[in-house]
Enquirer: 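Just passing along the structure, written as C-alpha cells.
Atoms within a ligand are numbered from 1 in the order they appear, just like the ligands themselves.
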Amino acid sequence: MTTTIYTADRVLVTEPNVEIIHQGAVVVTDTLIEFVGRADDVGHLPVAATAARIDLGDVTLMPGLIDAHVHLAFDGGPDPAARMQAESDPQQVALMVRSARELLSVGVTTARDLGARGYTDVVVRDAIANGTIAGPRLLTAGAPLTSTGGHCWYMGGEADSLDEVRKMVRLHHKHKVDHIKVMSTGGFMTAGSAPWYPQFETEALRIIVDEAHRVGKRVAAHCHGTEGIRRAVAAGVDTLEHCSFVIEGGESQFDTAVADAIAASDSWVSPTINVRARDFDPERFGVRIAGLKAAGARIITSTDSGIDNTPHFAFPQSLPLYVEFGMTTAEVLRSTTVLAAEALGLAGVTGQLAAGCEADLIAVRGNPLDDIAATADLEYVVARGRRFIPDVLPEIPPLPEGLVPMNKRHSFTQLNHEEPSHV
Ligand SMILES: [Zn+2]
C-alpha cells in the first residue's frame, strides 16, 4: 500500500456544492481517495508514517475533467473522416494512443469515445486500464448504430430493421463496449447524410435502449435534427449528443416544447461545445445552452474532439464558452466533473474529490471558481492514483483559410432516412 498526502493552497470540491477548502489536503492510498479536507486535520488520521507528502503550493487541486464525447480515432485535422477511411485498424490504434495522451495532457481524466471502428476503442480502453499506455479512463461505444449509408456508416455499425438493431447491440455487448451510440439523425460529416433527417423510427430507438439497458449499458443518441431529438427523448436514451435543433437546410431553430420534454425526461444533454464554437455562429450555441438551462435540462460538458479542426488537447478552452453562453462558473465545474460522471454511469467512481472515489486529480494555477479559464493552466495530473507528466503540446491551430462551414459542405441528399414526421 502506498499513501500520498497532497496539500494545496486551494482544494476545490464540486459535490454537493462547489466550494474551496483553503490550505486543503487530499490523501490517496494506491488508486483511491481516502480523505479530503483541511491539511490541519490530516494529523488526526491514522495515516502511515511512510506516507509521501507532496505540497503543490499555490494551485487549486480539483477533480480531473470529463469530456463526454470524443473520437480518439479522428485526428482533429482538416479531414479526419478521410483519414479514418484510408487507415487500417492498427494505424487507427496508433492515432488513438496519441489522442488519449493529448486528452490526459490537458487534465481530462475520463473520456467517452462515441464512435470508432473494429472495436479499436475497446483495445485502447483496456491498454489504458492495465497501464500499458497513458490516457484518460475511457468509456467506449464501438461503431455507432446507423442506417445503411447513414451518418458515419464507414465505422461499420449499419443496421436498419428492428432485428438488425437488436443484433447490433448484442454484438457490441459481446465485444465489451461500455455504452451504445446510435445516430438518431444524419450528420454533417458524411456525404449523402442530412443532419435534419431522423434515421430511425422511435420503435427502433426503443429497442436499442431496452436491449442496452437490459445488459447494463447506457445509450448516447447523436441527434441534430429536432425530430430526431424528440424521438430519442421518447425512446428514453441516456444522453442527447449535440442536441442542436437543426431544421431543414441546416440552420438551428431552438424548440421550447422539445426542450421542456428533455427537462421532464431522464436524458442528459451533451451539447458538444468545442473551441470552434466561437468560429461558426456562436449565437446559435448561446441560444441553445441558455434555452436548455432555462427549461431545466441537465447539461454535461463534451466537445466531439477529433472532428474537423478540433484537436483533443483543446478541451479546457471549451469550458469558458459554457460561461459565455449563460451557465455560471460553478455550474460548469459541476457539469465537467460530478454531473458528467453521473450521466456516464460513473457516480461514486470518479468526478469528485471524495473518500472512496478513484484518485483522478488535477492541479491548476489560479482559481477556476473565479475564472474558469484557469483550468487551461495545468500544473499536475494524477489519473487513477498515478502521476502523469503532461506532454508538450502544439498551439491550437487557426482554421484553414477559406474553410467552408460544416453545414454548407455536403449536398445533403440523404440516401436512407426515415421521412421526417411531425407528430
Ligand atoms: Zn461525435
Enquirer: Check this for me: Q253, atom CD, are more than 12 non-hydrogen atoms of other residues, nucleotides or ligands nearer than 6.0 Å?
Expert: no
Enquirer: Does the distance from a Lys or Arg side-chain N to an Asp or Glu carboxylate O, for R206 and E201, drop under 4.0 Å?
Expert: no
Enquirer: Which donor-acceptor pairs under 3.5 Å do side chains of residues 347-363 form with protein atoms, sequence neighbours excluded?
Expert:
residue	atom	partner	partner atom	Å
T350	OG1	D360	OD2	2.5
E358	OE1	R137	NH2	3.0
D360	OD1	R384	N	2.7
D360	OD2	R137	NH1	2.6
D360	OD2	R137	NH2	3.2

Enquirer: Name the atoms and distances for all side-chain donor-acceptor pairs under 3.5 Å in residues 128-136, with sequence neighbours left out.
Expert:
residue	atom	partner	partner atom	Å
N130	OD1	T132	N	3.0
N130	OD1	T132	OG1	2.5
N130	ND2	D126	O	3.3

Enquirer: Are E331 and R334 close enough for a salt bridge, meaning some N to O gap below 4.0 Å?
Expert: no
Enquirer: When you check the space around the Zn ion (ligand 1), which protein N, O or S atoms turn up under 2.8 Å?
Expert: H69 NE2, H71 NE2, D304 OD1
Enquirer: Quick test of your reading: applying ring-ring contact (aromatic ring centres under 6.0 Å, His included), list the pairs with at least one residue in residues 221-262, sequence neighbours left out, ordered by first then second residue.
Expert: H69-H242, H151-H222, F188-H224, H222-H224, H222-H242, H224-H242, F245-F254
